[in-house]
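Since the model is a prediction, treat every value here as computed from it, not as a measurement. Proteins get letters first, then strands, A, B, ... in listed order; numbering begins at 1 in each.
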Amino acid sequence: MIDTESGILGRLVLNSAQREAVVYEGGPQLVFAGAGTGKTRVLTAKIAWIVDRGASPSRLFAATFTNKAAREMKSRVENYLNRSAENMWIGTFHSLCARLLRKECGRIGFKNSFSIFDSNDQTMLLRKIMQRTGTNESTVSIRTIMSYISGHKNRCIPPGEVQRSRYGIYEQELIEIYSAYQEELHKLQAMDFDDLLMNTVLLLRENPALLEAYQTYFEYILVDEYQDTNRAQLLLMKLLAGRHGRIFAVGDDDQSIYGWRGAQVENILTFEHDFPSVKIFKLEQNYRSSGSILAFANSVIASNSRRSAKRLWTDRDGGERVTVSRYRDDRHEASAIAESIKKLCQGNIRGGEIAVLFRTNAQSRIFEETFIRLRIPYIIVGGISFYERSEVKDALAYIRLLVNRADNISFERIYNTPPRGLGEKALEALSQIASEKKTSLLDALLITDPGQFNDRWKKGFSELRELFELLIDEAERGTRVHELLEESLKISGYMDLLSAQKTEESESRLENINELLNTTRIWSNENPGKGLEAFLEEATLATDVDRWVQREDAVNLMTLHSAKGLEFRIVYIAGCEEGNLPAHQNSGDDAKIEEERRLFYVGVTRAKEKLFCSFVDRRYRFGELQVRSPSRFILETDPSVYYMKDERGDFGLHQEKPNYFQLQEKAPVRFVRSDIPEKRDERKAASYDEEFSQDVVEYRRGQYIKHKNYGRGKIVDISGFGNDMKLTVLFNDGTRRRLMAKFAPLVHE
DNA sequence: GGCGTAAGACTTTTT
DNA sequence: GTCTTACGCC
């Protein structure tokens, strides 16, 4: 006992529940770790514990959700163990699989220099295939096909194993495209994101000896965010842990928000089915949020039916009650939040401790504009990922081709970028040669004398060829990534092209290119031993959250999805309206509604000290004003755990938008929510009117009223709402009284 | 073949 | 309001 205490445990600060989970050694373990209960701490402590008990750090397989989480875990483990975690298998599922595949993919017919295709490359390839097979995009959209393919890969079903249904020419067509797509990927020596998982499983499944080697090699399997794993990931875990059963999974079913991309909450709820004799642990003590925020969070998630029983608690009581604000429109919402942030920043709060969260990326724009106007520093995390920007992809396509010459998609990206007078016809001519010689486009270019081409293209093709001859030569001599990139951009004339244009757009592109050069320069210095492939892999598998550098003074703007795993002192959740949160696409289906609710819950539980939610009456969408009603997630939440504030102000007085205000006055706001089942709709809509319409229509701060007994007065404060609404009124005789709005005999002045 | 303009789709969320 | 694609002119 004393031994262990003086050992690694003595240095790990853990509560008793956490400690139990860390020291258990009896087989499969599942830890339900609610938001803010020290999940990362337990995971890291477990690793430290395992290593302390004699395991080799490089023989653990620890899968996390984001590279950021992986990095954090690595550095914490390094701290505990006081040794480098460099060769440890800690990373995202995708990067761990890529690493394994780079070693072993020869067995499934890939070179270890294979490219990783992002969704953009995927789209381009699919479009090409559909052109070839003559599939009309109006019958089957690329989106549909992509989700069909992804859906199968997430469940580890290659084209050959798809159950062919007896009916459906339509599905027959999808299977054929899927099949052609896989063939083409193989030809291009490329894998998409989903392939990284599926191919790893197929590889291990088809090579029992290899599987056994890895089962023996990895002494422990650890998984973070288990609730977000899909079938392919589950299969991988079962394969790897199949022999010894040493799996340690951590997750929280209440935070499962990736069902739409194949994650199955069932994986965590039926864990014992996959790993019998599992021991379950629960972490329920929250160290992050105030009591008020937790009360709100618990009330929100209580509406979900499919969840494991648990309840977060904290020994920190009180804190400021959660505020739910109502605004006129999205512009009003943005500027009110901006003002509120300004005020907070005058106190002891820094912008970097604040986050504004929203459901869709499109919502970020208005905040961006407002913050610029009010001179509030901000950072947007997410949106179009840096590595998905077209100029960045263009630049990287040159490097990708150096690593994998078979990557025709990259070739097609840049053969005429910048313009060299080579168009579709020129590409056709080159393709012709490539298929005759059975080579890739780049190789066809390199073995063909430009003189063979039509005069019109001679110059362009020889320029391109010289460029690649030079770059290939450089690459073989071991020139570093940033130098190669810089050279490609200079010699190709891409830089000149951008510098010559003086538009806002070209300048921002140039900025991105320079940022890319900068990033690669730093990367080269930090990773002296690594090659081009390694850089490209990191670049494609990086998320924007990974690139996110929190700044002390900059307010963080991001989607609710991106916010998972993060925490902030102050959190604003904007756009809590039906159709937005929950998203209208998901409002018909109970299971999807529950996922949306969990998404809201994830947002709520990011807050440490203060949480502000808001909804608006009207929002611009597609440049059109749309009427909105508050989210059911707000309405169904226990009214005693938050304040409702109507911030719409002087409506009916200074009419900047007459129609709108007239409408409000004549027909007191009714919230009809057509997208909720009939019964509930009636009940909720009625209670909403009852509870808030007075608040909404009759009283506002600064308003003058007349009391039957006390005479004229001014409302200086309003608290509570509905039947509980209290008014603080300063009467003309100087007295200040708090009145229950419901009973006070008041008349408007 | 390149470039500009107009019409159309589009917004859920991401490794 | 923004991005992508299609078409027509140079």
Side-chain angles (χ1 to χ4, degrees), chain A residues 63-70 91-98 116-120 122-123 127 137-138 141-143 146-147 150 153-154 191-198 225 228-230 232-233 256-263 330 357-366 369 381-385 387-390 416-429 454 456-457 459-460 505 537-546 558-564 575 579-587 592 595-596 598-600 602-603 619-626:
Chain A
T64 64
F65 197 70
T66 60
N67 293 302
K68 190 179 190 310
T92 61
F93 269 104
H94 289 87
S95 65
L96 292 175
C97 287
I116 299 174
F117 274 13
D118 67 12
S119 57
N120 210 312
Q122 248 179 325
T123 313
R127 198 159 279 154
E137 248 189 74
S138 55
S141 74
I142 295 266
R143 272 173 82 112
M146 293 229 289
S147 73
S150 180
K153 289 186 177 178
N154 286 158
M191 299 193 197
D192 63 23
F193 288 137
D194 299 322
D195 278 336
L196 294 176
L197 304 176
M198 179 173 81
E225 310 277 15
D228 284 323
T229 53
N230 61 30
Q233 287 158 332
S256 160
I257 55 174
Y258 285 105
W260 52 274
R261 69 167 202 216
D330 46 352
L357 309 179
F358 31 75
R359 176 69 236 263
T360 65
N361 280 307
Q363 284 169 261
S364 69
R365 173 158 220 97
I366 184 128
E369 285 165 6
V381 183
I384 302 169
S385 151
Y387 289 109
E388 276 172 80
R389 302 204 122 93
S390 68
N416 196 36
T417 315
R420 300 181 178 91
L422 302 173
E424 221 173 301
K425 297 279 174 203
L427 184 67
E428 260 173 45
N454 184 329
R456 201 170 181 173
W457 304 325
K459 189 160 168 277
E505 200 202 328
E537 186 172 306
E538 281 183 35
T540 26
L541 296 180
T543 68
D544 252 36
V545 177
D546 300 323
M558 67 188 90
T559 63
L560 289 160
H561 281 90
S562 301
K564 189 157 90 152
N580 187 227
L581 181 61
H584 64 92
Q585 294 93 331
N586 292 338
S587 50
K592 287 180 175 173
E595 180 157 315
E596 294 278 317
R598 291 193 292 266
L599 186 57
F600 182 51
V602 164
R619 182 175 293 280
Y620 277 94
R621 200 160 175 258
F622 301 138
E624 196 91 1
L625 250 191
Q626 277 188 355

Of all residues at least two apart in sequence or in a different chain, which pass the side-chain contact (heavy atoms from CB on, under 4.5 Å) check with A/Glu537? A/Ala98, A/Arg102, A/Ile116, A/Leu541
Whole-Å distance between B/dT15 C1' and A/Asp118 CG? 11 Å
Which comes earlier along DNA chain B counting from the 5' end, the contact point of A/Thr66 or that of A/Glu596, where each point is its nearest nucleotide? A/Glu596
Base, sugar-phosphate or nothing for A/Gln363? Non-hydrogen atoms, less than 4.0 Å. nothing
According to the interplanar angle, ranging from 0 to 90°, do the rings of A/His94 and A/Phe193 count as parallel (below 30°), tilted (30 to 60°) or perpendicular (above 60°)? perpendicular
To the nearest 0.5 Å, atom CG of A/Leu357 lies from atom NE2 of A/His561 at 12.0 Å
A/Leu96 CG to B/dT15 C1', straight-line distance once rounded to whole Å: 12 Å
Identify which nucleotide among B/dT14, B/dT11, B/dG1 has an atom closest to any side-chain atom of A/Thr559, counting heavy atoms from C-beta outward. B/dT14
I need the CD-C1' distance between A/Glu225 and B/dT14, as an integer number of Å. 14 Å
For A/Asn67 and B/dT14, what is the distance between atoms CG and P respectively, to the nearest whole Å? 15 Å
Applying a 4.0 Å non-hydrogen cut-off, can you work out what A/Ala542 is touching in the nucleic acid: base, sugar-phosphate, or nothing? nothing
Counting side-chain heavy atoms from C-beta on, which of B/dT11, B/dT13, B/dT15 comes nearest to A/Arg261? B/dT15
Counting any heavy atom closer than 4.0 Å, what does A/Leu422 reach on the DNA or RNA strands: base, sugar-phosphate only, or nothing? sugar-phosphate
Quick one: pull up CG in A/Leu599 and CH2 in A/Trp260 and give me the separation to the nearest 0.5 Å. 10.0 Å
Enumerate the protein-to-nucleotides 3-5 of chain B contacts in which both atoms are nitrogen or oxygen and the separation is below 3.5 Å.
none

Over how many whole Å does the gap from A/Arg619 atom CZ to B/dT11 atom P extend? 17 Å
Quantified in whole Å, what is the P atom distance between nucleotide C/dT4 and nucleotide B/dT13? 15 Å
Atom CD in A/Glu225, atom OG1 in A/Thr66: separation rounded to 0.5 Å? 8.0 Å
Classify the nucleic acid contact of A/Asn416 as base, sugar-phosphate or nothing, counting any heavy atom under 4.0 Å across all strands shown. sugar-phosphate
NA contact type, A/Tyr258, heavy-atom cut-off 4.0 Å: base, sugar-phosphate, or nothing? sugar-phosphate
Just call it for A/Ser119: base, sugar-phosphate, or nothing, with non-hydrogen atoms closer than 4.0 Å on any strand. nothing
Closest nucleotide among B/dT15, B/dG1, B/dT11 to the A/Ala362 side chain: B/dT11
With sequence neighbours excluded, what pairs up with A/Lys592 under the salt bridge (charged side-chain N to carboxylate O under 4.0 Å, His left out) test? none
How long is the line joining CE of A/Met146 and P of B/dT15, in whole Å? 15 Å
Heavy atoms under 4.0 Å is the rule here; annotate nucleotides 1-10 of chain C 5' to 3' with B where the base is hit, S where only the sugar-phosphate is, and - elsewhere. BS--S-----
Picking from B/dT13, B/dT15, B/dG1, the nucleotide nearest the side-chain atoms of A/Asn361 would be B/dT13
Could you report the tightest heavy-atom contact between A/Phe358 and A/Ser364, atom names first, then the distance? CZ-CB, 3.5 Å
Separation of A/Asp194 atom CG from B/dT14 atom P, in whole Å? 16 Å
Out of B/dT13, B/dT15, B/dT11, whichever nucleotide has its closest atom nearest the side chain of A/Arg359: B/dT13
Can you confirm whether more than 12 heavy atoms, excluding those of A/Glu428, are under 6.0 Å from its CD atom? yes
How would you list, by chain and number, every residue that makes a side-chain contact (heavy atoms from CB on, under 4.5 Å) with A/Gln122, sequence neighbours excluded? A/Ser119, A/Met146, A/Tyr181, A/Asp192
Among residues at least two apart in sequence or on other chains, which ones pass side chain to side chain donor-acceptor pair (under 3.5 Å) with A/Ser562? A/Thr559
Given atom CD of A/Gln626 and atom P of B/dT11, what is their separation to the nearest angstrom? 15 Å
Is it the case that the side chains of A/Asp194 and A/Ser150 hold a donor-acceptor pair, with the cut-off being a distance below 3.5 Å and no angle test? yes
